[in-house]
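Notes to accompany the following structure.
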Amino acid sequence: MTLLIAELSTFEKLLIGAIMALCGAIVFMFFHIIKIYKKHNEKDEERTEKLATLANSFLQSVNDQRLINKEQALVSKAAMDSNTEALRQHTITLKDVHDYLKGLIIHK
Amino acid sequence: MIIYLDDSLDDLELLKRALKKKGKDLRIFSREEDFNQSVTEKTFAVIIDHNLNSGRTGLDVMRDILAKYPACHPIIVSDNNDGRLIIQYMNSDAFRFVYKNDKGWDGTVVKYVEEAKERLDLVMSQLKRYKFIK
């Protein structure tokens, strides 16, 4: 191997060195990108978990308040307007909030 | 956090792999008791099979979860595509219904998980915008 390298011209040695450095850089970049991607995914997951926690506590408080005071219920217009027991007992979910917000935006 | 309840081990593994490809971690359960213990307020999506060995259906499980965690997005998977069953699920606030005999159903579930996340994002940002939450 040493003999083989000794037989090469300076230009060839430089060329091989450059190719090796390039390969090294590509491998480094590959692992670096994977690392960034994983970190991004973790952060994204963390953020979604936080949002889900917030959404759940918000909806739970809305559902609790709805039982105590009709006026304070923010998003259950259909449930409040209805006299049927089934609808009044219906738990407000994210879908109801989504529908309500869509209505709010359309009518704004 | 995404959690999947199904008594078919093959389906559990199939979906776990499909979500892993997208960089998402799926927790899989074949027993309802274990599944119920794992669902927390951090869980934004649950995937539930309609036919369960326990004698209960996915509908019962889903209703229990929504009563406790109303922000959760239930995605129902089933090898039964009876329209009346689907309507029953949709009327009980299921997020999406996926027919397991369709080709590429696992990819469909992955797509719906993304949609669930987007909806959660959208609703929360709008709730903040309209000052329902700080």
Reference residue B:Lys100; test side-chain hydrogen bond (donor to acceptor under 3.5 Å, both in side chains); the match among B:Asn80, B:Asn51, B:Asp6: B:Asp6

Residues 31-51 of chain A: residues contacting chain B (heavy atom under 4.5 Å, by number): A:Tyr37, A:Asn41, A:Asp44, A:Glu45, A:Arg47, A:Thr48, A:Glu49, A:Leu51

B:Asp7 and B:Ser30 side chains, donor-acceptor separation under 3.5 Å: no

CA sep, side-chain torsions, deciding dist, call: B:Tyr89, B:His50, ring pair (Phe, Tyr, Trp, His ring centres under 6.0 Å): CA-CA 10 Å; B:Tyr89 270 106; B:His50 170 64; 5.6 Å; yes

pair B:Asp25-B:Met1: side-chain heavy atoms closer than 4.5 Å: no

B:Asp60 side chain vs B:Thr57 backbone, donor-acceptor pair below 3.5 Å: yes

Note, B:Ile2 side chain near B:Arg27 side chain (heavy atom, < 4.5 Å): no

Chain A neighbours within residues 33-46 of chain B, where any heavy atom lies under 4.5 Å away: B:Glu41, B:Lys42, B:Thr43, B:Phe44

All salt bridge (charged side-chain N to carboxylate O under 4.0 Å, His left out) counterparts of B:Arg56, not counting sequence neighbours: B:Glu32, B:Asp64

Chain A-proximal positions within residues 108-125 of chain B [heavy-atom distance under 4.5 Å]: B:Lys117, B:Arg119, B:Leu120, B:Asp121, B:Leu122, B:Val123, B:Met124

B:Lys22, NZ: over 12 other non-hydrogen atoms inside 6.0 angstrom: no

B:Ile3 and B:Leu26, any side-chain heavy atoms less than 4.5 Å apart: no

Note, B:Pro70 side chain near A:Asn56 side chain (heavy atom, < 4.5 Å): yes

